[in-house]
Amino acid sequence: MVAITLPDGSIKKFDSAVTGAEIAAAIGPGLARDALAIRLDGELKDLGAVVERDARVEVVTRKDADALELLRHDAAHVMAEAVKELYPETQVTIGPAIEDGFYYDFARQTPFTPEDLERIEARMREVVERDEPIAREVWDRGEAIAFFKQQGEHYKAEIIADLPPGEEITLYRQGEFIDLCRGPHLPSTGRLGKAFKLTKLAGAYWRGDSNNEMLQRIYGTAWASEAQLADHLHRIEEAKRRDHRRLGREMALFHFQDEAVGMVFWHPKGWTLYGLLVDYVRRRLAAAGYVEVNTPLLVDRSLWEASGHWEKFREHMFTVEADERTLALKPMNCPGHVQIFRQGLKSYRDLPLRMAEFGACHRYEPSGALHGLMRVRGFTQDDAHIFCTDDQITSESVAFCDLALGIYRDFGFTDIVIKLADRPAVRAGDDAVWDRAEAALKSAVEATGLEYELNPGDGAFYGPKLDFVLRDAIGREWQCGTLQVDFVLPERLDASYVGEDGARHRPVMLHRAILGSIERFIGILIEQYAGKFPLWLAPVQAVVATITNDADAYAAEVAAALGAAGLRTELDTGSDKIGYKVRLHSTRKVPLLLAVGKREAAERTVSIRRLGGKAQEVLALDEAVARLTEDATSPIGRRPG
RNA sequence: GCCGAAGUAGCUCAGUGGUAGAGCAACUGAUUCGUAAUCAGUAGGCCCGCGGUUCGAAUCCGCGCUUCGGCACCA
């Protein structure tokens, strides 16, 4: 007797062991038809899995969130089957389900072409049409290895040979195609349905190691319904429309060109934005007790040798020869800050010393890593180093988390994941110090009340760190802030302070950034806001547009009044119709459009239209200036001057 | 850096061996209009670069550069 507890709490009894399919059938014919798999005591299993003892069972259908992973995993297998049919000389390797879809890595001499992709997708649809049953088989390890070797599938044989001893070797067979797989799978290929699409071709290293040969990866997306697929494709289009590289060009914010690969040419409107961000952060830092400094871009090699960068970071540094010496463009600001710290004797009374710099850094990034503003070779960090005692690590960490989260909130980021990376295998400093530093970071994160993830062993060699990952308006994640504890650099560069006891001590350095790089953060903001910046950040805040040229003189007066009140204002006295001007400035994403015609000129009013809205608000000029300057106030109050 | 694809007007793209094109943007003129496109005209090109094949190359071939999609990298 086997008693199966269903999700609604009811219990079905069977005389002997039953399969998932039989359980579904016992509940109802509709469910039997829709069943894809079961969840047995919380664990996903094939529909054909046998339940031999009392258990909780849920029947999984397309409507369940679990179904997506199954569908995607099956899509990968169906793709592999299609590829083997079309190109039998191809070897299969691995093909997992991933976010939004799946991929499969293949080994093949001649690369796949975009036309091959179409053929493969068409063949996949035939495999689905055939509705081949998918059967699970348990194999002996040696036999499985011999089988795949004999099939010419050397990668599969290698994977099996590397599986931990004692692990059950399961193969899944569908039609002529048989693949090593942990499962679970759908009962047949027909259940995959039609809601899938192959999306891109890419290279990928075998086992993710760049020392290995490169395989060919085919990516696809798969969903439970065609409506979901259409939604997904629509989201991709939406993301393209938000792409900061496209918006940056359209909005005349910046450009790149071949003579300065990976470095930004900031245009007037982009530089306005840049300045606004720096100004905002500068005032936040001042309020949080930081001092600001500036250190040289070009520094002699000897300092980088002393700091350890020459040894660990050399290949990412640009160098310059001059005066028979080798200078390096700074890739980081920390060694420079230690030089300032070392000027003059420091007392424990000087600590914590929070030293900030909008530090222009250059790094020779691999060419394939460059990506618009997000990954550049010349950028400016909102960097700071906090020199403090061991005892101050906790309070400084808590204060930093508070500051960072406040800043993120001002830009509309509230969905933030914090990652705590602790000691790596190879590290500097003794364990007692690591214990304290890790505990300090942990208590700082806990004080924020936010959830955090542990990245075990992912800390820097010189200390543990917290990373702040923001999730933007369309769900993408960006790592921005960081807080790193460093016990090593003060030692290497001989920073010290005099303690209460009159003896010399090593300070601890906390490396920290909030936006990360200004360039990158602007890229993120462009995409977060889809170019429609909040009023305080918009490069052009208002356009005064005339309805007829009779209002030109008054319009100039309105624009001047707004400009005098500190609003970034443009005047449009062109001879186009007001409808055209509304459209033009709307597509340019100007937040405020002030239309003035004969009526406004006569009454000394303005008609305000806000971006995205249709409503117009007619206000007296003085009132409008007061209202709009109020609306344009930055989150930390009016800009001085 | 590695695999693949692409590079034609400011932008989006057509042109696949025989006189470089369209739409939008720009410029000029007319129009003076009440909230997402007024009309007409003009101008705009080392077709990424360098070699090669050919009577002839934007088009075919080779090399290089850059960009895009991934992989690796992101101390």
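Side chains are part of it too, since the values below use all heavy atoms of this structure and drop only hydrogens, waters and symmetry mates. As the structure is a prediction and not an experimental result, all values here were calculated from the model. Throughout, a chain's letter reflects where its sequence line sits, starting with A, and its residues are numbered from 1.
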Measure the shortest side-chain to side-chain distance between A/Arg599 and A/Val618 over non-hydrogen atoms and say whether it is less than 4.5 angstrom.
no
P gap between B/C63 and B/C3, integer Å
12 Å
Less than 6.0 angstrom from the centroid, inside 45 degrees of the normal: does A/Arg314 satisfy that with respect to the ring of A/Trp310?
yes
Go through the N and O atoms of the side chain of A/Arg246 and the base of B/C11, and report whether any donor-acceptor pair is under 3.5 Å.
no
Separation between the C1' atoms of B/C71 and B/U19, rounded to whole Å
46 Å
Pick base, sugar-phosphate or nothing for A/Thr548, based on heavy-atom distances below 4.0 Å to the nucleic acid.
base
Without swapping roles, check the side chain of A/Arg492 against the backbone of A/Ala306 for a donor-acceptor pair under 3.5 Å.
yes
Strictly by Watson-Crick or wobble contacts shorter than 3.5 Å, is anything paired with B/A43, and which nucleotide is it?
none
B/G34 - base-pair partner by Watson-Crick or wobble geometry, distances under 3.5 Å:
none
Could you check how far CZ of A/Arg520 sits from P of B/C74, rounded to whole Å?
14 Å
Would you mind pulling out the nucleotide paired to B/C63, Watson-Crick or G-U wobble, both distances under 3.5 Å?
B/G49
Base paired to B/A58 (Watson-Crick or G-U; both N/O distances under 3.5 angstrom)
none
Indicate, with a heavy-atom threshold strictly under 4.0 Å, whether A/Arg249 touches base, sugar-phosphate, or nothing.
sugar-phosphate
Confirm from the modelled atom types if A/Thr546 and B/U32 form a donor-acceptor pair under 3.5 Å, side chain to base only.
no
Separation of B/C73 atom C1' from A/His316 atom NE2, nearest Å, is 7 Å
Counting side-chain heavy atoms from C-beta on, which of B/C33, B/A36, B/U32 comes nearest to A/Lys577?
B/C33
If I pick the C1' atom on B/U28 and the same atom on B/U35, what distance separates them, to the nearest angstrom?
27 Å
What does A/Pro366 touch in the nucleic acid at a heavy-atom separation under 4.0 angstrom: a base, only the sugar-phosphate, or nothing?
base
I need the CD-P distance between A/Glu315 and B/C73, as an integer number of Å.
12 Å
How about A/Gln541 and A/Thr569: do any of their side-chain heavy atoms sit closer than 4.5 Å?
no
Once base and sugar-phosphate atoms are separated, protein heavy atoms under 4.0 Å mark nucleotides 62-71 of chain B, 5' to 3', with B, S and - as ----SSSBBB
Heavy-atom nearest nucleotide on RNA chain B for A/Gly579 versus A/Ala460: which residue maps closer to 5'?
A/Gly579
B/U16 glycosidic torsion: syn (within 90° of 0) vs anti:
syn
Between A/Lys197 and A/Glu121, is there a salt bridge with N-O shorter than 4.0 Å?
no
Within the 6.0 Å centroid threshold, strictly below: A/Tyr104 and A/Phe106:
yes
Which nucleotide, B/A36, B/A72, B/G34, lies nearest any side-chain atom of A/Ser586?
B/A36
Separation of atom OH in A/Tyr580 from atom C1' in B/U38, rounded to whole Å:
11 Å
Looking only at atom C1', what distance separates B/C73 and B/G17, rounded to whole Å?
44 Å
Send over the distance from A/Asn212 CG to B/G1 C1', rounded to a whole Å.
15 Å
Would you say the side-chain atoms of A/Glu600 pair up with the backbone N or O of A/Gly597, donor to acceptor, closer than 3.5 Å?
yes
Report the distance from atom CG of A/Asp550 to atom P of B/G34, rounded to the nearest whole Å.
13 Å
With a non-hydrogen cut-off below 4.0 angstrom, is A/Lys581 in contact with a base, only sugar-phosphate, or nothing?
nothing
Side chain of A/Asn549, base of B/U32: donor and acceptor closer than 3.5 Å?
yes
Check the phosphate of B/C73 against A/Arg375, side-chain N and O only, distance under 4.0 Å to OP1 or OP2. Yes or no?
no
How far, in whole Å, is B/U42 from B/G23 if one measures between their P atoms?
12 Å
Is there a Watson-Crick or G-U wobble partner for B/A22 with both distances under 3.5 Å, and which nucleotide is it?
B/U12
When rounded to the nearest Å, what value does the distance between P atoms of B/C68 and B/U31 take?
47 Å
Pick from A/His385, A/Gln484, A/Gln381: which one makes a side-chain hydrogen bond (donor to acceptor under 3.5 Å, both in side chains) with A/His511?
A/His385
Could you check, using the six-membered ring where one of them is a Trp, whether A/Tyr87 and A/Phe112 have ring centers closer than 6.0 angstrom?
yes
Checking the side chain of A/Thr295 only, and the main-chain atoms of A/His337 only, is there a donor and an acceptor separated by less than 3.5 Å?
no
C1'-based separation of B/A14 from B/C50 [nearest Å]:
27 Å
Measure CD1/A/Ile578 against C1'/B/U35 and give the value in whole Å, please.
6 Å
Send over the distance from A/Glu365 CD to B/A72 C1', rounded to a whole Å.
13 Å
In whole angstrom, give me the gap between the C1' atoms of B/G18 and B/U59.
11 Å
Describe the nucleic acid contact of A/Asn211 in one word from base, sugar-phosphate, nothing, applying a heavy-atom distance below 4.0 Å.
nothing
Does B/C71 have a Watson-Crick or wobble mate here (both distances under 3.5 Å), and if so which one?
B/G1
